[in-house]
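Below is one structure; the comments refer to it alone.
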Protein chains: 2
Amino acid sequence: MSELNNRRLEIDALRVLWAVRNHGGITRASEALGLSQSAVSHKIKRLETSLDCDILSRKPGASMFTAAGEDLLDYAERILGLHDEALLSLTKTAIAGRISLGLTEDTTCTDLARILGRFRRLHPQVSVRTKVRMSLVLRAMLERGELDAAIVQVFAHEVRPTDILLFREKLHWVRNGDFVVPQEGPVPFLSFDDACFYRTWALDIAQDGDLLLETVFECSSAAGIVAAVISGLGVALLNERHLRPDMVIVTRQLPVPPDLAYVVRRSRKVRNPALDTLVAEIENEISRYGGLTLAS
Amino acid sequence: MSELNNRRLEIDALRVLWAVRNHGGITRASEALGLSQSAVSHKIKRLETSLDCDILSRKPGASMFTAAGEDLLDYAERILGLHDEALLSLTKTAIAGRISLGLTEDTTCTDLARILGRFRRLHPQVSVRTKVRMSLVLRAMLERGELDAAIVQVFAHEVRPTDILLFREKLHWVRNGDFVVPQEGPVPFLSFDDACFYRTWALDIAQDGDLLLETVFECSSAAGIVAAVISGLGVALLNERHLRPDMVIVTRQLPVPPDLAYVVRRSRKVRNPALDTLVAEIENEISRYGGLTLAS
DNA sequence: ATGACCTGATCGAAATTTGTCATGTGCCGA
DNA sequence: TCGGCACATGACAAATTTCGATCAGGTCAT
């Protein structure tokens, strides 16, 4: 009965495909989706059989997807977007209100952007005001009640029970391949800002240990730090996504940095039904995909 | 395991939903889809259960769909459109060429329009030139090789083996509720045009029988005929889709008109790979939905 | 080279989903 | 009130999907 003619795509299969790309591999995707590895492998296999064409290239070194696969992914993304929006629209209860939301630079180009865009479309009566600041600043604004909620970075061990975990990421000391960390004397440190909590951690640790860090560069955007590292100005604390092939991770001489977590943290303010909905949509997305992905 | 939370739509279910609307009922949809009535009923039921909301209203008199159902249909249409396009794009082989296509007025606002639009998108290298004419004119153009193919109306008994049947439709004599068909003397006839084959049939039949038709109104567009009928100018031959509640179907005194068929008819010209592809896509659509639907 | 190790493919068995047949129910027109 | 029609429902069979276990192929550090 599985005629070649009877070709159809299933939402599930497309979602799997999408997860495979975004998590980079079948095994990882299966974990995120809460399925066994073989189930995911089978699903893709079936998809390939029913379409009578290869989707994953299985060639080491090459891109994981074939041209047809990339093509299909493109459609998958659009179809899934519509699908999820359709689901949400069914449960929508005309909400109105105002949300003041904080974001970090890093989260502006993740799935969050997609979710926010969809939220606006589904709930035009809600005005969403967004501010992009550094995590420490956002936390302070939350405390002062200037924001209803914010997506901030915190150290993994600082996640509160009320936080909603979006994803984790590793933090690394990095340097240029040519740059040599001085055995003695101060280590040149490239820092985001006064308000960067990486830096706070680094300086604290340095004091405890027998390490001297000298902040030789400050820039509040990641692009600047990346450039400074590549130029060999010193060492910096960067999260995984900013690593470049020409950067080297420093493991000796410097203390191991803690893991990072991206969380949605709400202010302690009174009820905000619009925010409740937005947060619910985010949680929904997380449970569906087993966390959000960094790459948009 | 079938949690309420695990909400997802399946392409199949959406397609069923769509068929239910376009064929006007579960039983009809099941025939078109080649499934049993209970299968369709079950599918919709499952969809409702998994979404935890009603989709069909089941109230006699009211619209078949609930508000949520209408909402969902809207998304279904978009999702299915993307889905089908994705499938086609996987098999596409960059084709180029030129197609000269004829359409009747009636087919411009059916699924054909959607298919043509998609075809243009998928094959930008193919130039599609479309002419809208009356069926008889199109047939003549086909004969003369001025068109590569045309979607024309023919009487059901005139369908050729090489034609691709899109859908059938009934033809009726209609009049205004107030208008009385004269027992004797000529019957005032509202005709499309000289080139209208309804009219040719009517006049032929009239000659054979003992009936006199007098063409009192001519207009090449359906809207004009409809208006003339409503104004009580006479009787006309109209296909089902143009019937209006205030029109009366005349069954006595006039001969029963034959059924109509809409077909794709190709010219006898040489190979045209672009046209082959377009025709294949149309056939594909037909087999998937069990014929095309009239309403866009 | 070798062995630990990771990723994905494959197989049989179990669980779940989906479709069919047979039958029940409610509504409408004669 | 009786068929007839359109849909709902239940039981069951068929198909699909998933899982656990195992296997094959590759990478990497020694």
Side-chain angles (χ1 to χ4, degrees), chain A residues 1-51 53-66 69 245 249 251-252 288 290, chain B residues 1-51 53-66 69 288 290:
Chain A
M1 186 60 80
S2 67
E3 293 299 320
L4 289 182
N5 195 5
N6 187 13
R7 290 143 34 99
R8 66 209 177 84
L9 309 170
E10 310 179 43
I11 294 285
D12 266 10
L14 296 181
R15 204 180 292 290
V16 163
L17 206 63
W18 196 79
V20 166
R21 179 181 62 179
N22 284 300
H23 292 97
I26 289 187
T27 306
R28 228 111 17 124
S30 70
E31 287 161 8
L33 293 168
L35 289 173
S36 70
Q37 174 263 321
S38 64
V40 172
S41 183
H42 260 141
K43 261 203 142 80
I44 293 192
K45 188 83 193 163
R46 279 195 298 267
L47 191 60
E48 287 182 317
T49 309
S50 83
L51 293 177
C53 74
D54 285 355
I55 291 172
L56 298 186
S57 69
R58 276 115 177 158
K59 276 178 216 132
S63 155
M64 185 162 4
F65 291 86
T66 63
I249 296 177
T251 51
R252 299 153 178 272
R288 183 188 299 281
Chain B
M1 185 61 79
S2 66
E3 294 297 320
L4 288 182
N5 194 9
N6 188 12
R7 290 144 34 99
R8 67 207 177 84
L9 310 170
E10 312 179 44
I11 294 286
D12 266 10
L14 296 181
R15 205 180 291 291
V16 164
L17 207 62
W18 196 80
V20 166
R21 179 182 62 179
N22 283 299
H23 293 97
I26 289 185
T27 306
R28 227 101 31 109
S30 70
E31 287 160 8
L33 294 168
L35 289 174
S36 70
Q37 173 263 319
S38 62
V40 172
S41 184
H42 268 146
K43 257 202 143 84
I44 293 190
K45 188 82 193 163
R46 283 173 195 136
L47 190 60
E48 286 181 319
T49 309
S50 84
L51 293 177
C53 74
D54 285 355
I55 291 172
L56 298 185
S57 69
R58 277 111 177 165
K59 277 179 216 131
S63 155
M64 186 162 3
F65 290 86
T66 62
R288 183 188 300 280

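Reminder, nothing fancy here: chain letters follow the sequence lines and each chain counts from 1. Treat the numbers as computed from the prediction; the structure is a model and nothing was measured.
Inter-axis angle, ends of the helix from dA1(C)-dT30(D) to dA30(C)-dT1(D), five pairs per end, rounded to 10 degrees: 30°.
Side-chain nitrogen and oxygen atoms of Lys43(B) include at least one within less than 4.0 Å of the OP1 or OP2 phosphate oxygen of dG19(C). For Thr27(A) and dG8(C), the shortest distance from a side-chain N or O to OP1 or OP2 is below 4.0 Å.
Of the possible polar contacts, none joining the Thr66(B) side chain to the Leu56(B) backbone as a donor-acceptor pair under 3.5 Å is found.
Contacts of Leu35(A) with the nucleic acid, taken as non-hydrogen atoms under 4.0 Å apart, involve only primed sugar atoms and P, OP1 or OP2.
Taking every side-chain heavy atom of Arg46(A) into account, dT18(D) is the closest of dA9(C), dT18(D), dT18(C). Minimum atom distance to the side chain of Glu10(A) is reached by dT17(D), of the listed dA6(D), dT7(C), dT17(D).
With sequence neighbours excluded, no residue satisfies side chain to side chain donor-acceptor pair (under 3.5 Å) with Gln37(A). Taking the side chain to side chain donor-acceptor pair (under 3.5 Å) definition, one finds that Arg15(B) meets it with His83(B), Asp84(B), Tyr289(B), sequence neighbours left out. Every residue two or more places apart in sequence or in another chain was checked for a salt bridge (charged side-chain N to carboxylate O under 4.0 Å, His left out) with Asp54(A), and none qualifies. For Ser41(A), there are no side chain to side chain donor-acceptor pair (under 3.5 Å) partners at least two apart in sequence or on another chain.
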Nucleotides 9-14 of chain D: protein proximity per nucleotide (B base, S sugar-phosphate only, - neither; heavy atom, under 4.0 Å): BBB---
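Protein atom NE2 of His23(A) is 19 Å distant from nucleotide atom P of dC6(C), rounded to whole Å.
Of the two residues near DNA chain D, Ile26(B) and Ser36(A), the one whose nearest nucleotide lies more 5' is Ile26(B).
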